[in-house]
J.: 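Below you will find the structure I want to go over with you.
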Amino acid sequence: MQRIDWLEERDLELWIALWTFITWVPEQLDAHLKRTSSVALTEFLTMLAIARNENTITMSRLARWTRMSPSRLSHVMDRLERRGLTERLRSAEDRRSTYAALTPEGQELLAAAAPPVMERMRESIFEVLTPEEAEQLTGLLRKMLKRGKQQIIG
């Protein structure tokens, strides 16, 4: 039988805390959004990404921004389109490109949903840390993401 090289106790504690945090925050935000705005976190993030890109973004860039597979993003966009919150548009210049855009209804929903979600994030994350701790945590996360060759999308 192959010997398993377990993590040191302090590393295991860090991993468990990190895993708990990165699963807990999305769960909390998803439940809050569904309760207050009738949208899931993935839908909110999709709409936020479109809004942050001047209400129009290519589907491929949107998939990278939201960290969703094209298939999953397509399902999310289907749900949002059925509700009249987004639309997909073909590029006039490049027929291979499809753009995602927010409808006026989507912009309204996002404008109403964002403030309570941002407040929830402040309470859960940012008010707990000092500005110095937040800066240090950001640096540490960037360092780990860079090691994994991941870019922070924004």
Side-chain angles (χ1 to χ4, degrees), residues 15-154:
W15 169 245
I16 291 169
L18 183 60
W19 179 251
T20 301
F21 183 78
I22 62 175
T23 56
W24 171 75
V25 170
E27 286 172 2
Q28 294 299 308
L29 294 176
D30 188 60
H32 179 75
L33 279 162
K34 286 176 180 173
R35 190 173 52 256
T36 61
S37 302
S38 300
V39 293
L41 182 58
T42 53
E43 296 164 346
F44 176 82
L45 291 174
T46 299
M47 292 173 29
L48 179 64
I50 297 169
R52 287 198 42 137
N53 287 277
E54 299 179 21
N55 287 336
T56 305
I57 184 173
T58 64
M59 289 292 290
S60 58
R61 184 155 185 241
L62 183 57
R64 285 190 306 275
W65 202 99
T66 59
R67 304 193 57 80
M68 286 186 232
S69 69
S71 174
R72 182 168 185 211
L73 177 59
S74 182
H75 289 295
V76 170
M77 285 295 294
D78 287 345
R79 288 193 308 270
L80 290 169
E81 283 179 304
R82 279 193 298 272
R83 293 183 59 193
L85 302 172
T86 63
E87 59 186 340
R88 283 177 263 206
L89 309 166
R90 285 276 183 209
S91 170
E93 297 84 39
D94 180 1
R95 301 304 277 167
R96 294 172 296 172
S97 294
T98 301
Y99 287 87
L102 282 178
T103 64
E105 294 82 5
Q107 292 173 28
E108 284 180 32
L109 187 140
L110 186 61
V117 170
M118 298 306 139
E119 184 57 34
R120 187 74 161 204
M121 289 171 61
R122 279 186 199 92
E123 292 170 358
S124 301
I125 303 167
F126 307 113
E127 290 176 358
V128 177
L129 302 174
T130 66
E132 295 78 21
E133 289 169 331
E135 190 173 314
Q136 184 180 28
L137 180 58
T138 300
L140 293 170
L141 292 171
R142 285 183 187 278
K143 183 177 182 179
M144 288 186 281
L145 288 167
K146 184 177 179 183
R147 176 76 183 256
K149 297 183 180 15
Q150 294 298 308
Q151 301 250 334
I152 294 178
I153 308 297

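Each residue takes its place number in the sequence, starting with 1. No hydrogens, no waters, no symmetry mates; every other heavy atom, side chains included, goes into these values. Computed from a predicted structure; not experimentally measured.
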J.: Might you work through the side chain to side chain contact (heavy atoms under 4.5 Å, CB included) test for Thr86 and Thr103, ending with a clear yes or no?
T.: CA-CA 5 Å; Thr86 63; Thr103 64; 5.5 Å; no
J.: Mark yes or no for whether Glu133, through its side chain, and Thr130, through its backbone, hold a donor-acceptor pair below 3.5 Å.
T.: yes
J.: How long is the gap from CG on Leu109 to CG on Leu85, to the nearest 0.5 Å?
T.: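 That separation rounds to 5.5 Å.
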J.: Are Ser60 and Arg64 packed together at the side-chain level, in the sense that at least one heavy-atom pair is separated by less than 4.5 angstrom?
T.: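 Answer yes - side chains close enough.
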J.: Please examine the side chains of Thr56 and Ile50, heavy atoms only from C-beta on, and report whether any two atoms are closer than 4.5 Å.
T.: no
J.: Quick test of your reading: applying salt bridge (Lys or Arg N to Asp or Glu O under 4.0 Å), list the pairs with at least one residue in residues 96-116, sequence neighbours left out, ordered by first then second residue.
T.: Asp94-Arg96
J.: To the nearest 0.5 Å, what is the distance between OG1 (Thr42) and CZ (Arg67)?
T.: 15.0 Å
J.: Would you say CZ of Arg35 has more than 12 non-hydrogen atoms from neighbouring residues, nucleotides or ligands within 6.0 angstrom?
T.: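 More than 12 heavy atoms, drawn from other residues, nucleotides or ligands, come within 6.0 Å of this atom.
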J.: Minimum heavy-atom separation for Thr20 to Ile16, with atom names?
T.: OG1-O, 2.7 Å
J.: What's the separation between atom CG in Leu129 and atom CD in Glu135, rounded to the nearest 0.5 Å?
T.: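 It comes to 12.0 Å.
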J.: What distance separates Asn53 CG from Arg61 CZ, expressed to the nearest 0.5 Å?
T.: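 Rounded to the nearest 0.5 Å, the CG-CZ separation comes out at 4.5 Å.
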J.: Checking side chain to side chain contact (heavy atoms under 4.5 Å, CB included) for the pair Phe44/Leu110: CA distance, chi angles, key distance, verdict?
T.: CA-CA 7 Å; Phe44 176 82; Leu110 186 61; 3.5 Å; yes
J.: Counting only heavy atoms not in Glu127, do more than 12 sit closer than 6.0 Å to its CD atom?
T.: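 Correct, the count exceeds 12.
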J.: Minimum heavy-atom separation for Leu33 to Ala113, with atom names?
T.: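 The answer is CD2-CB, 4.2 Å.
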J.: Roughly how far, to the nearest 0.5 Å, is CG of Leu137 from CZ of Arg142?
T.: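 If I round to the nearest 0.5 Å, the distance is 11.0 Å.
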J.: How many angstroms lie between CG in Leu62 and CZ in Arg52, if you round to the nearest 0.5 Å?
T.: 13.0 Å
J.: Can a donor-acceptor pair be found, under 3.5 Å and without considering hydrogens, that links the side chain of Ser124 to the backbone of Met121?
T.: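 Pair absent, no side-chain N/O of Ser124 close to backbone of Met121.
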J.: Measure the shortest side-chain to side-chain distance between Met68 and Leu45 over non-hydrogen atoms and say whether it is less than 4.5 angstrom.
T.: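 No. Closest side-chain heavy atoms not under 4.5 Å.
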J.: Report yes if some heavy atom in the side chain of Tyr99 is under 4.5 Å from a heavy atom in the side chain of Met59; otherwise report no.
T.: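 Sidechains of Met59 and Tyr99: no contact.
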J.: Do His32 and Pro116 make a side-chain contact, defined as non-hydrogen atoms from C-beta onward lying under 4.5 Å apart?
T.: yes
J.: Answer whether the closest heavy-atom distance between the side chains of Leu89 and Glu87 falls below 4.5 Å.
T.: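 The answer is yes, as the side chains (C-beta and beyond) meet within the 4.5 Å cut-off.
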J.: Just list the side-chain donor-acceptor pairs under 3.5 Å for residues 72-79, sequence neighbours left out, or say none.
T.:
unit_1: Ser74; atom_1: OG; unit_2: Arg88; atom_2: NH1; d: 3.4
unit_1: Asp78; atom_1: OD1; unit_2: Arg88; atom_2: NH2; d: 2.3
unit_1: Arg79; atom_1: NE; unit_2: Glu43; atom_2: OE2; d: 2.8

J.: Side chain to side chain contact (heavy atoms under 4.5 Å, CB included) for Leu29 and Trp24? Distances and angles first, verdict last.
T.: CA-CA 9 Å; Leu29 294 176; Trp24 171 75; over 6 Å; no
J.: Find out whether Ile22 and Trp19 are in side-chain contact, i.e. whether some heavy atom of one side chain is under 4.5 Å from a heavy atom of the other.
T.: yes
J.: Counting neighbours of CD on Glu119 that are heavy atoms of other residues, nucleotides or ligands and sit closer than 6.0 Å, is the number greater than 12?
T.: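 Yes, enclosed.
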J.: Any non-hydrogen side-chain atom of Lys34 less than 4.5 Å from a side-chain atom of Val39?
T.: no
J.: Going through the checks in order, is the side chain to side chain contact (heavy atoms under 4.5 Å, CB included) test met by Thr98 and Thr58?
T.: CA-CA 6 Å; Thr98 301; Thr58 64; over 6 Å; no
J.: Does the Asp30 side chain pair with the main chain of Pro26, one donor and one acceptor, at a distance under 3.5 Å?
T.: no
